[in-house]
J.: 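Dropping a structure here in structure tokens format, bear with me for questions.
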Amino acid sequence: MSTVSEPFPLLPDVAVLDDPEQTARFTSWSVDETGRRIGVSALRLSGITCAACALPIEMALRSVEGVIEATVSATAQRAAVRWDASRTRPSALIDAVRRAGYGADPDTAASARVQRLRESRLALWRLFVAAFCAMQVMMLATPAYVSAPGGIEPDLQQLLNWGSWVMTLPVLLFSAAPFFQGAWRAVRLRHIGMDVPVAIGIAVSFIASTGAAFDPSGAFGRAVYFDSLSMFVALLLGGRFLELRARHRAAEGLENALGVLPESATRLLTDGTTERVSLARLVAGDRVRVAVGEAFPADGRVLEGVTAVNESLLTGESRPQHKACGADVVAGSVNLEAPVVMQVLRVGADTRHDAIVALMREAQSQRPASARWADRWAAPFLWVVLLLAAGAAAVWSVIDPGRAVWVAVSVLIVTCPCALSLATPSALLAAAGSLARRGVLLRRLDALETMAGCTRLFIDKTGTLTEDRPRFSGLERLPAAAGMRDAGLLAAAVSLAAWSRHPLAQALCEAQPQAESATAAWQSVREEPGAGIEAQDAQGRRWRLGRAAWVGATDAAALARHDDAAGPASWFGPVGEPLLRLNFDETLRAGVPQALAALQAEGLHVTLLSGDAPARVERMAMLLGLSAAIGGASPEAKLAAVRAAQAAGETVAMLGDGINDAPVLAQADLSLAMGSGALLARSHADAVLLADRLGDVVELRRLSRRGVRVIRQNIAWAALYNATCVPLALAGLLPPWIAGLGMALSSLFVVCNALRLRR
């Protein structure tokens with residue numbers, strides 16, 4: 001066995017990761033129902049050689065006291081670990097992975113970039129040494145293949161064999177080291193992985209060939225297979241190098257998203273001077289100057305200047321977006337045209353950038369259910385392979401003792417459970433990367449398989465089919481407002497709307513920004529999903545802004561006018577005494593009719609599901625060519641509609657954007673949320689449409705169906721390959737070098753087939 005050790009990246013002092021500021025770079029925090037502080041840390045792994053390596057790393061992490069859950073993706077080389085902050089610390093997680101024989105680092109852009117470069121260089125050197133030595137060994141072996149029997153003198157043949165042995169040593173000690181290290185880790189952890197049969201095959205080949213080279217009259221005979229051994233290692237390393245490059249390309253999207261934020265920002269002080277501060281020191285309300293070519297350090301609003309912004313990494317929109325005074329900007333987008341001054345609204349984990357990064361980390365750390373199924377079958381399959389190899393050696397030792405060792409080696413080498421284990425995750429990660437470039441982020445990789453099988457799609461209206469910012473078109477005084485000033489009532493309504501993220505409330509605030517300063521007058525503010533927002537004034541009276549019945553509009557004529565209105569409306573006033581009706585206009589998002597037609601052509605039954613007035617929802621459905629629409633639906637009614645469809649045997653997807661959509665998003669088999677929607681809705685969604693384009697749902701549907709076809713192709717290929725090649729190896733028809741070529745090409749076929757989804 002090789003004594004070469006893998007140069008895993010080592011931090012000068014792993015304990016530095018326990019510092020709260022360092023931990024925050026790769027850990028998100030939450031509090032569970034028992035009050036425990038729970039951390040979810042993202043780790044970048046190295047030393048993984050096949051899909052079976054995920055299990056020993058998971059076992060090592062779960063053995064750490066305080067670890068609640070650990071999930072490892074061998075394809076993405078990432079781990080997501082949930083741990084109790086009162087019982088363990090991040091350095092213990094890193095230490096556990098390294099003690100298991102693998103490398104681990106915090107998942108940040110810098111360490112990942114350096115680690116990938118180091119892995120690529122080392123893998124390329126191993127491949128170069130194996131390929132170069134294989135060519136030299138092949139030259140030394142060629143005379144034996146082309147000469148007639150007895151055409152080479154025995155002493156000359158032995159000299160050639162010794163030369164082959166010398167050239168094989170670098171292959172064994174350096175190039176083949178990952179196989180022996182992986183096998184040793186598996187044996188030490190009492191787990192069988194793909195490296196075990198490969199290492200056994202290499203070791204047996206080398207030992208038997210060495211015996212034949214130095215003692216031709218001995219038990220191993222005269223035949224040597226140093227050429228097959230070295231070629232097998234070179235071919236297998238070539239396949240693994242291409243797999244490594246594919247994994248690195250899949251990780252580039254996350255690294256780019258992590259790396260767009262600047263290290264510091266130029267903050268404007270009250271006296272007109274500036275200071276350069278780190279992003280950690282920015283707080284909401286700060287004014288920051290952003291130069292041309294610099295990324296915006298936080299979510300905020302443009303205060304001075306006009307420019308264009310590149311948001312492609314965050315939304316998938318490649319065209320520059322115009323930004324004038326008052327326009328919202330997001331962290332990570334790049335200023336293209338002119339310096340501007342922005343006001344910081346959200347920083348750190350509250351920014352849209354960090355939310356996107358968290359979604360990408362979560363998705364790439366997952367193993368889908370079908371991948372876990374393949375992993376469970378990989379270990380029993382390898383035990384069967386070992387038994388078949390032992391049985392073949394025993395049978396051939398009777399039939400032809402000179403071929404027994406080589407048949408056993410071919411059986412060990414030709415089998416490829418890696419192709420089966422890679423079939424699903426490679427396809428799903430490739431599809432997820434393609435969607436991410438378009439602006440569709442998956443929180444759950446299984447969502448692709450679910451979307452491919454969906455039969456019904458429920459779609460919310462406001463903020464989903466229509467623009468999320470309806471335009472305030474005017475107000476209507478109600479009888480109870482007699483004698484009151486319109487300006488004062490409108491200012492009060494706007495000040496209450498400023499507490500809500502509902503599209504109508506935000507549109508009202510944008511139309512009357514000068515009235516937001518009155519927000520401090522309200523007390524005990526609460527929002528009722530699907531109804532509106534409520535607060536108390538200084539005298540203790542309860543005021544509401546929202547739906548007519550919730551505010552207390554009892555006038556039948558007023559409610560009838562509301563139901564027949566061309567646009568949405570909100571009521572405002574004390575409970576039971578509405579004073580104003582606030583009218584809004586809504587417009588369809590660009591491309592909505594075409595997207596809905598394409599979705600129905602893809603076999604989806606689309607239902608419009610909205611809390612707006614039934615008459616208006618029906619008109620919208622007729623305009624869009626939808627045969628099914630449900631209007632006036634409360635959150636409970638939406639939930640009931642989804643459950644009824646599921647009870648009828650349908651696989652249901654739901655697309656929404658508001659707080660009132662959160663319960664139904666959680667109930668649906670597949671949940672989709674608009675990127676500009678409420679945080680609660682996005683947190684319950686399986687996929688987020690960052691660019692708010694309904695056409696992206698069409699792309700998600702088409703790519704998910706392509707992805708499922710690719711997964712089926714990969715699984716069918718892996719099954720057919722093993723069913724064909726294992727019997728041939730048992731029959732002695734596959735020499736070891738052809739077996740090695742078949743194994744390498746099998747895994748390579750699966751990965752390359754999956755990479756077609758990235759187009």
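Side chains included, hydrogens not; waters and symmetry mates left out as well; all remaining heavy atoms used. Index from 1, following the sequence.
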J.: Side chains of Leu43 and Val81, heavy atoms from C-beta outward: is any pair under 4.5 Å?
T.: yes
J.: Between atom CE of Met451 and atom CG of Leu435, what is the distance when rounded to the nearest 0.5 Å?
T.: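 Spacing of CE (Met451) from CG (Leu435) equals 10.0 Å.
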J.: When you measure from the side chain of Thr27 to the backbone N and O of Thr23, does any donor-acceptor pair fall under 3.5 Å?
T.: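 Checked: pair present.
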J.: Look only at the side chain of Gln667 and the backbone of Val664, and say whether a donor-acceptor pair between them is shorter than 3.5 Å.
T.: no
J.: Inspect the contact between Arg701 and Glu699 and indicate whether a charged nitrogen and a carboxylate oxygen are less than 4.0 angstrom apart.
T.: no
J.: Sub-3.5 Å donor-acceptor pair from the side chain of Arg589 to the main-chain atoms of Thr464, do we have one?
T.: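 Between the backbone of Thr464 and the side chain of Arg589 there is a qualifying donor-acceptor contact (under 3.5 Å).
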J.: Please give me the minimum heavy-atom distance between Pro297 and Val288, naming the atom from each residue.
T.: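 Closest approach of Pro297 to Val288, heavy atoms only: CG-CG1, 4.0 Å.
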J.: So do the side chains of Leu268 and Arg289 get within less than 4.5 Å of each other, counting heavy atoms only?
T.: yes
J.: Quick one: CZ on Arg267 to CD on Glu275, what's the gap to the nearest 0.5 Å?
T.: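 Answer for the CZ-CD pair, Arg267 versus Glu275, is 4.5 Å.
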J.: Measure across Val309 and Phe296 and return the closest heavy-atom pair with its distance rounded to 0.1 Å.
T.: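 Smallest interatomic distance, heavy atoms only, reads CG2-CE1, 3.7 Å.
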J.: Using atom types as modelled and distance alone, determine if a side-chain donor or acceptor of Asp18 lies under 3.5 Å from a backbone N or O of Arg89.
T.: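 No; judged by distance alone, with no hydrogens or angles, the pair does not exist.
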J.: Could you tell me if Asp537 and Trp543 have a donor-acceptor pair between their side chains, going purely by distance under 3.5 Å?
T.: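 Checked: Trp543/Asp537 side chains pair up, N/O donor to acceptor below 3.5 Å.
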J.: Can you tell me how far the CH2 atom of Trp83 sits from the CD atom of Glu69, to the nearest 0.5 Å?
T.: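 Interatomic distance, Trp83 CH2 to Glu69 CD, rounded to 0.5 Å: 15.0 Å.
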J.: Other residues, nucleotides and ligands only: do more than 12 of their heavy atoms fall within 6.0 Å of CZ on Arg526?
T.: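 Correct, the count exceeds 12.
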J.: Between CE of Met342 and CD of Glu304, what distance do you get to the nearest 0.5 Å?
T.: 13.0 Å
J.: Are a donor atom and an acceptor atom from the side chains of Thr307 and Asn335 found within less than 3.5 Å of each other?
T.: yes
J.: Checking Ser473 side chain against Asn583 main chain: does a donor-acceptor pair fall under 3.5 Å?
T.: yes
J.: Are the side chains of Leu496 and Ile533 in contact, using a 4.5 Å heavy-atom criterion?
T.: yes
J.: Take Glu534 and Trp550 through the test side chain to side chain contact (heavy atoms under 4.5 Å, CB included) and record every step on the way to the result.
T.: CA-CA 10 Å; Glu534 177 187 86; Trp550 191 65; 3.7 Å; yes
J.: With heavy-atom distances below 4.5 Å as the criterion, would you say the side chains of Leu465 and Leu694 are in contact?
T.: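 Yes - at least one pair of side-chain heavy atoms lies under 4.5 Å apart.
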J.: Is there a donor-acceptor pair under 3.5 Å between the side chain of Thr274 and the backbone N or O of Thr266?
T.: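 The answer is no, because no donor-acceptor pair under 3.5 Å joins these two groups.
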J.: Taking all non-hydrogen atoms of both residues, which atom of Met654 and which atom of Leu457 are closest, and how far apart?
T.: N-CD1, 4.2 Å
J.: Contact between Thr466 and Lys461 at the side-chain level, heavy atoms closer than 4.5 Å - yes or no?
T.: yes
J.: So, applying side-chain contact (heavy atoms from CB on, under 4.5 Å) with Leu672, which one of Ile459, Asp686, Leu700, Val688 is it?
T.: Leu700
J.: Any donor and acceptor pair, going by atom type alone, linking the side chain of Asp32 with main-chain N or O of Arg37 inside 3.5 Å?
T.: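 A pair under 3.5 Å: no.
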J.: Looking at every heavy atom in both Phe584 and Phe472, which two are closest together, and how far apart are they?
T.: CD2-CA, 3.6 Å
J.: With sequence neighbours excluded, what pairs up with Glu337 under the side-chain hydrogen bond (donor to acceptor under 3.5 Å, both in side chains) test?
T.: none
J.: Does a donor on one side chain and an acceptor on the other come within less than 3.5 Å for Ser73 and Arg78?
T.: no
J.: Do Ser434 side-chain atoms and Ala431 backbone N/O form a donor-acceptor pair below 3.5 Å?
T.: no
J.: State the CE-OG distance between Met620 and Ser610, to the nearest 0.5 angstrom.
T.: 8.5 Å
J.: Using side-chain heavy atoms (C-beta onward) and a distance below 4.5 Å, is Leu580 in contact with Met484?
T.: no
J.: Nearest 0.5 angstrom please: Ser41 OG to Leu61 CG, how far?
T.: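 Here the interatomic distance stands at 10.0 Å.
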J.: Do Leu582 and Leu490 have side chains that get closer than 4.5 Å, going by heavy atoms?
T.: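 Leu582 vs Leu490: side chains touch.
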J.: Hey, does Val292 have a side-chain heavy atom less than 4.5 Å from the side chain of Leu336?
T.: no
J.: Is it the case that the side chain of Ser570 and the backbone of Leu545 share a donor-acceptor pair, with hydrogens and angles ignored and the cut-off at 3.5 Å?
T.: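 No, because the side chain of Ser570 does not come within donor-acceptor range (under 3.5 Å) of the backbone of Leu545.
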J.: Taking all non-hydrogen atoms of both residues into account, name the closest pair between Leu504 and Ala569 and its distance.
T.: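 In terms of heavy atoms, the two residues are closest at CD1-O, 4.2 Å.
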J.: How close do Val97 and Gly103 get, counting heavy atoms only, and between which atoms?
T.: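 Closest approach of Val97 to Gly103, heavy atoms only: CG1-O, 3.9 Å.
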J.: Just by distance, do the side chain of Lys323 and the backbone of Val329 share a donor-acceptor pair under 3.5 Å?
T.: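 No, the answer is negative, given that no donor and acceptor are paired below the 3.5 Å cut-off.
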J.: Which of these, Val302, Val340, Val334, sits in a side-chain contact (heavy atoms from CB on, under 4.5 Å) with Val290?
T.: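 The option that passes is Val340.
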J.: Cation-pi check, Arg544 to Trp571: give yes when NZ or CZ is under 6.0 Å from the six-membered ring centre and within 45° of the ring axis, no otherwise.
T.: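 Relative to the ring axis of Trp571, which defines the angle, Arg544 lies outside at least one limit.
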